Student: 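Handing you this structure, nothing more for now.
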Amino acid sequence: MPEDFNQDQLYDHARLTPQFVLADANSFFASCESVFNPSLAGRPVVVLSNNDGCVVARSPAAKRLGIANGTPWFKIREQAERDGVVARSSNYELYASLSHRMMSIMANFLPEQEVYSIDECFMLSLWDGQRTQAICADLRETVLRSVGIPVSVGVAPTKTLAKVANHWAKNHPGANGVTLWSQVLAQDGDRALASVPVADVWGVGRRLTKKLESTGILTALDLQRADPTAMRRRFSVLLERTVLELRGTPAIEREEDANGGARSQQILCSRMFSKPVVGFGTLSQALGVYAQKACSRLRRQGSLCSRVRVFCSSSPYAPGQYSAMSGQTRLEDPSDDPVVITRAARTALAGRVDPHAAYIRAGVVLENLRDAKGYQTLDGLEANRDRGLGPALDEAARRFGPFRVGIGFGGVRGKGRQDEDTGAEWAMNRRMLSPRCTTRWDEMATVHAR
DNA sequence: TCTGGGGTCCTAGGACCC
DNA sequence: TCTGGGGTCCTAGGACCC
């Protein structure tokens, strides 16, 4: 709360409509890369997905070179290197740590923070426009100064409009990173929404864009003017909500903080392999490792699961036969025990593997989650609850790093800095990984004073 | 040679029950 | 035995998000 807060102001502001504030980092992954490497500032930087597959983030200079998100790195690598582009493997450990710092700072400025993704959060403001503007500008300055990450802020009466405002802040340098939708409306009126393509509206993806365009809805303004009930009948209740939101009526509820350690409804761990995998044996090793990663997330959020699903597939790009399988095991008694869950993953896989297929991707999904605290079985029926091994593995991972100890292939050590992985042939490549300055003692940043 | 990972919600259809 | 309607639960698949 601001220092000069007093009761009269509260009374006054209670009559104002609460405004959603969306703070979103600019080119988050790319910005993280330059926090501890200032020589990257202003240069074209791209961050690649696992296995150094495709581009998932670009610095502003990289965007100006016309590099699109999702482009496979191998397709643009030569040209990019000629253009002086710096490529980095994704360093989620570093990004998660900087995200944490950024979120906790922002939570000091406005209430009701909802962490929506690794780089953005919603908050609420009950202040008037001028005051909100000042708070948001201060928030932005503080995050930039103390974490080194530039954020943009959009303010509006609904989440969907806050997204639009945020986009506006990013694309209009005059906004200085903060846009109040009410001010845009006052200045530009309907022209503002008319300038937003319908594809850029939150909740409208590629498929929906095509269908909407074919019915003459091309801009956010067209969508706002469409009949909500008709949109529901023709498309879905989701699009109806979007229309309402564009009209200024909040229709999207608060998601229960997925990232704040709270509940989620499923936990998924999947990877592309660095090279194709054939046969049950190797596949089962990989799925065992993923099952343990997923299980450790399950314990961290204090849940039990009662269904374990596994899946794997061959490359959809390879000519010839595409092969995919999935299988599941139900647990009679909900569990968070890594032995039970790893074994269940193996059971789900058994008998379903095409012995000739070259699988390039596999994963484990934990489903039917429930709160561990609230769940009790009858005495003598707790076969699936081992309260010792899981926590011991968690502690070993915390003290000595991931997978120093594990079940089956999960305990086999990798080489060098790939230590998050098993060192197996199929483990992912990350050849251009930056130091994990904030989470590893031996990778801390070095600063020279001259 | 080389194309990410982790989620959510909605809908339709089938099985089953009364 | 035959018939129909309504309800619930589950699952698979599609679409979307970052």
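Throughout, protein chains are lettered first and strands after them, A, B, ... in sequence-line order, and every chain is numbered starting at 1. Worth saying up front: this structure is predicted, and the values here are computed from it rather than measured. Both backbone and side-chain heavy atoms feed into the values below; hydrogens, waters and symmetry mates do not.
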Student: Just to be sure I understand the rule, does A:R77 reach a base, reach only the sugar-phosphate, or reach nothing, if contact means heavy atoms closer than 4.0 Å?
Tutor: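 Since no nucleic acid heavy atom lies under 4.0 Å of A:R77, the category is nothing.
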
Student: Round to the nearest Å and state the distance from A:F28 atom CZ to B:dG4 atom P.
Tutor: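 My rounded result for the distance is 22 Å.
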
Student: Run the side-chain contact (heavy atoms from CB on, under 4.5 Å) check on A:L212 and A:L239 step by step: do they pass?
Tutor: CA-CA 11 Å; A:L212 288 173; A:L239 192 61; 4.0 Å; yes

Student: Using OP1 and OP2 only, check whether a side-chain N or O of A:S270 sits under 4.0 Å from B:dG6.
Tutor: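 Yes, such a contact exists.
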
Student: Consider the side chain of A:S236, meaning its heavy atoms from C-beta on, and name the nucleotide among B:dT3, B:dT11, B:dG7 that approaches it most closely.
Tutor: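 Looking only at heavy atoms from C-beta outward on A:S236, the closest nucleotide is B:dT11.
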
Student: From CZ of A:F122 over to C1' of C:dC18, roughly how many Å is that when rounded to an integer?
Tutor: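 Going from A:F122 (CZ) to C:dC18 (C1'), I get 11 Å.
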
Student: Could you state the CD1-C1' distance from A:I360 to B:dT1, rounded to the nearest angstrom?
Tutor: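 From A:I360 CD1 to B:dT1 C1': 14 Å.
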
Student: Between A:L268 and A:S315, which has a closest nucleotide on DNA chain B that is more 5'?
Tutor: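 Taking each residue's closest nucleotide, the earlier one in sequence belongs to A:S315.
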
Student: Verify whether one side chain among A:E33 and A:N37 offers a donor that lies under 3.5 Å from an acceptor in the other.
Tutor: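 Judged by distance alone, the side chains do not pair up.
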
Student: Using the six-membered base ring of B:dT3, report whether A:W73 stacks on it, requiring centroids under 5.5 Å and planes under 30° apart.
Tutor: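 The base of B:dT3 is not stacked with A:W73 (the test needs centres under 5.5 Å and planes under 30°).
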
Student: Of A:Y92 and A:F235, whose nearest nucleotide on DNA chain B comes first from the 5' end?
Tutor: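 It is A:Y92 whose nearest nucleotide is closer to the 5' end.
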
Student: Using only heavy-atom distances, determine whether the side chains of A:N166 and A:S152 contain a donor-acceptor pair under 3.5 Å.
Tutor: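 No pair is found: no donor N or O on one side chain lies under 3.5 Å from an acceptor on the other.
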
Student: Rounded to whole angstroms, how far apart are CZ on A:R300 and C1' on B:dG6?
Tutor: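 So the CZ-C1' distance, A:R300 to B:dG6, works out to 13 Å.
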
Student: Go through the side-chain N and O atoms of A:S313 and A:R361 and say whether any donor and acceptor fall under 3.5 Å apart.
Tutor: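 Distance-only check fails for A:S313 and A:R361.
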
Student: Return the polar atom pairs (N/O with N/O) between nucleotides 12-15 of chain C and the protein under 3.5 Å, or none.
Tutor:
unit_1: C:dA12; atom_1: OP2; unit_2: A:R309; atom_2: NH2; d: 3.4
unit_1: C:dA15; atom_1: OP1; unit_2: A:R207; atom_2: NH1; d: 3.3
unit_1: C:dA15; atom_1: OP2; unit_2: A:R207; atom_2: NH1; d: 3.1

Student: When you check the phosphate oxygens OP1 and OP2 of C:dC10, does a side-chain N or O of A:R307 lie under 4.0 Å from one of them?
Tutor: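 Answer is no, no contact under 4.0 Å.
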
Student: Can you tell me the distance, in whole Å, between the CG atom of A:N50 and the P atom of B:dG4?
Tutor: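 Those two atoms, CG and P, are 9 Å apart.
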
Student: Which part of the nucleic acid does A:D119 contact within heavy-atom distance under 4.0 Å: base, sugar-phosphate only, or nothing?
Tutor: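 Result for A:D119 = sugar-phosphate.
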
Student: Could you check which of B:dT3, B:dT8, C:dT11 has an atom nearest any side-chain atom of A:Q266?
Tutor: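 Closest nucleotide among those given: B:dT8.
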
Student: Atom NZ of A:K293 to atom C1' of B:dG4: distance rounded to whole Å?
Tutor: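 From A:K293 NZ to B:dG4 C1': 14 Å.
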
Student: Classify the ring geometry between A:F122 and A:F20 as parallel (under 30°), tilted (30 to 60°) or perpendicular (over 60°).
Tutor: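 Rings of A:F122 and A:F20: perpendicular, as their planes differ by over 60°.
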
Student: Counting only side-chain N and O atoms of A:R431, is one of them less than 4.0 Å from OP1 or OP2 of B:dC2?
Tutor: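 For B:dC2, neither OP1 nor OP2 has a side-chain N or O of A:R431 closer than 4.0 Å.
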
Student: Which base sits across from B:dC18 as a Watson-Crick or G-U pair, both distances under 3.5 Å?
Tutor: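 Answer to the pairing question: C:dG5, which forms a Watson-Crick or G-U pair with B:dC18.
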
Student: Here's a test for you: under side chain to side chain contact (heavy atoms under 4.5 Å, CB included), which of A:L94, A:V147, A:L98 qualifies with A:V35?
Tutor: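 Passing option: A:L98.
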
Student: Under 3.5 Å, is there a donor on one side chain and an acceptor on the other for A:S434 and A:N91?
Tutor: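 Judged by distance alone, the side chains do pair up.
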
Student: Given atom OH of A:Y116 and atom P of B:dG7, what is their separation to the nearest angstrom?
Tutor: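 Distance, rounded to whole Å: 14 Å.
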
Student: Is the phosphate of B:dC9, meaning OP1 or OP2, less than 4.0 Å from a side-chain N or O of A:R241?
Tutor: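 No, A:R241 has no side-chain N/O under 4.0 Å of OP1/OP2 on B:dC9.
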
Student: Nearest to the A:V237 side chain among B:dC10, C:dC10, B:dG5, which nucleotide is it?
Tutor: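 So the nucleotide nearest the side chain must be B:dC10.
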
Student: Would you indicate what A:K163 reaches in the nucleic acid, counting non-hydrogen atoms under 4.0 angstrom: base, sugar-phosphate, or nothing?
Tutor: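 Contact class for A:K163: sugar-phosphate only.
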
Student: Look at the side chain of A:R330 and decide which nucleotide, out of B:dT3, B:dG5, C:dC10, has an atom nearest to it.
Tutor: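 The closest nucleotide is C:dC10.
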
Student: Should A:E120 and A:K163 be marked as a salt bridge (Lys or Arg N to Asp or Glu O under 4.0 Å) after you check the CA-CA gap, both sets of side-chain angles, and the distance that decides it?
Tutor: CA-CA 11 Å; A:E120 64 188 296; A:K163 281 272 188 185; 2.8 Å; yes

Student: At 4.0 Å (heavy atoms only), tell me whether A:V201 reaches a base, stays on the sugar-phosphate, or touches nothing.
Tutor: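 Sugar-phosphate contact only - A:V201 comes under 4.0 Å of backbone atoms but never of a base.
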
Student: Please work out if A:L48 contacts a base, only the sugar-phosphate, or nothing of the nucleic acid, heavy-atom cut-off 4.0 Å.
Tutor: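 Answer is nothing: A:L48 stays at 4.0 Å or more from every strand.
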
Student: Return the nearest nucleotide to the side chain of A:Q265; candidates are B:dT3, B:dG7, B:dC9.
Tutor: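 So the side chain of A:Q265 is nearest to B:dC9.
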
Student: Whether A:R297 contacts B:dG7 is assessed here as follows: a side-chain N or O lying under 4.0 Å from the phosphate OP1 or OP2. Is that the case?
Tutor: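 Indeed, a polar side-chain atom of A:R297 lies that close.
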
Student: Nearest to the A:V56 side chain among C:dC17, B:dG6, B:dG4, which nucleotide is it?
Tutor: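 Of all the options, the side chain of A:V56 is nearest to B:dG4.
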
Student: Using the C1' atom as the reference point in each nucleotide, state the distance between C:dG4 and B:dC16 in Å, no decimals.
Tutor: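 The answer is 15 Å between these two C1' atoms.
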
Student: Whether the side chain of A:S59 engages the backbone of A:A30 through a donor-acceptor N/O pair (distance < 3.5 Å, no angle test) should be reported.
Tutor: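 Not a single qualifying donor-acceptor pair exists.
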
Student: Rounding to an integer number of Å, can you tell me how far A:E114 CD sits from B:dT8 P?
Tutor: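 After rounding, the reported distance stands at 13 Å.
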
Student: Which value, in whole Å, describes the distance between the C1' atoms of nucleotides B:dC2 and C:dC18?
Tutor: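 Going atom to atom, C1' in each nucleotide, I get 24 Å.
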
